[in-house]
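What follows is one structure encoded as structure tokens, with my remarks underneath.
Everything numeric in this text was worked out from a predicted model, so none of it was measured.
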Amino acid sequence: QVQLVESGGGLVQAGGSLRLSCAASGRPFSRFTMGWFRQVPGKAREFVAATSWSGKDTTSAESVKGRFTISRDNAKSTGYLQMNNLKPEDTAVYYCAARSGWYEHSDPLQYTYWGQGTQVTVSS
């Protein structure tokens, strides 16, 4: 089992920045691919970014490319999502997730472990 706890969400003005953290406990965090997803009411959970177990491979959704950066510190069992130049359409609950393997890393159904989510609200 892996327990994931997100933090760092909040209210920010458009153009501002936030850094989300995902603290992991339980099984060794370094064994897992880590992903960030987001969801707004009435819509499906959306892929934001993912990083492989080593941090060597990273991908992100087109909608956040150039603005969001995913990273991880395996020594601290913590993952991060740095969000810059935030837009009102980035408003959502953000979830971190973990899984074994890298294939289909943008598919939320491939992830085994999930955090409880943290709210990000961007005002215009």
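Counted within 6.0 Å of NZ on Lys76, heavy atoms from surrounding residues, nucleotides or ligands total 12 or fewer; the atom is thus considered open.
Residues Gln39 and Ala44 come closest through the heavy atom pair NE2-C, 4.0 Å. The two residues Met83 and Leu20 make their nearest non-hydrogen contact at CE-CG, 3.7 Å. Between Ser124 and Ala14, the shortest heavy-atom contact is CA-CB, 4.4 Å. Smallest separation of non-hydrogen atoms from Pro108 and Trp114: O-CZ2, 3.4 Å. The two atoms that bring Val5 and Gln116 nearest to each other are CA-OE1, 3.7 Å, heavy atoms only.
For the atom pair CG (Leu81) and CD (Glu6), the distance works out to 11.0 Å, reported to the nearest 0.5 Å. Separation of atoms CZ (Arg38) and CZ (Arg45) is listed at 13.5 Å; rounding is to 0.5 Å.
The closest side-chain heavy-atom distance from Arg31 to Ser100 is not below 4.5 Å. In this structure, Gln119 and Thr91 have side chains that are in contact, with non-hydrogen atoms separated by less than 4.5 Å.
Taking the six-membered ring where tryptophan is involved, the planes of Phe47 and Phe37 are perpendicular, since the angle between them exceeds 60° and thus also 30°.
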> How far apart are the C-alpha atoms of Glu46 and Ser63, what are their side-chain angles, what is the distance that settles it, and do they pass the side-chain contact (heavy atoms from CB on, under 4.5 Å) test?
Replying inline: CA-CA 11 Å; Glu46 175 189 22; Ser63 59; 4.0 Å; yes
>> Evaluate Gln13 against Leu86 for side-chain contact (heavy atoms from CB on, under 4.5 Å), listing each step before the verdict.
In response: CA-CA 8 Å; Gln13 287 188 331; Leu86 282 159; over 6 Å; no
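Tracing side-chain contacts under 4.5 Å through hydrophobic residues (I, L, V, M, F, W, Y), one never reaches Met34 starting from Tyr95; they form parts of separate clusters. Both Val64 and Val120 sit in one connected hydrophobic cluster of ILVMFWY residues. Membership requires side-chain heavy atoms under 4.5 Å apart, directly or through other members. Both Val122 and Val48 belong to a common hydrophobic cluster when Ile, Leu, Val, Met, Phe, Trp and Tyr are linked at side-chain heavy-atom distances under 4.5 angstrom. Hydrophobic clustering (ILVMFWY, side-chain heavy atoms < 4.5 Å, transitive): Trp36 and Phe29 are in one cluster.
Tested against Phe32 for a ring-ring contact (aromatic ring centres under 6.0 Å, His included), the candidates Tyr113, Trp102, Trp53 yield a single pass: Tyr113.
When atom types are taken as modelled, the side chain of Thr78 and the backbone of Ala23 share no donor-acceptor pair closer than 3.5 angstrom. When atom types are taken as modelled, the side chain of Arg72 and the backbone of Ser52 share a donor-acceptor pair closer than 3.5 angstrom. Not one N or O on the side chain of Thr112 forms a donor-acceptor pair closer than 3.5 Å with the backbone of Arg99.
A cation-pi contact, defined as under 6.0 Å to the ring centre and within 45° of the axis, links Arg19 to Tyr80.
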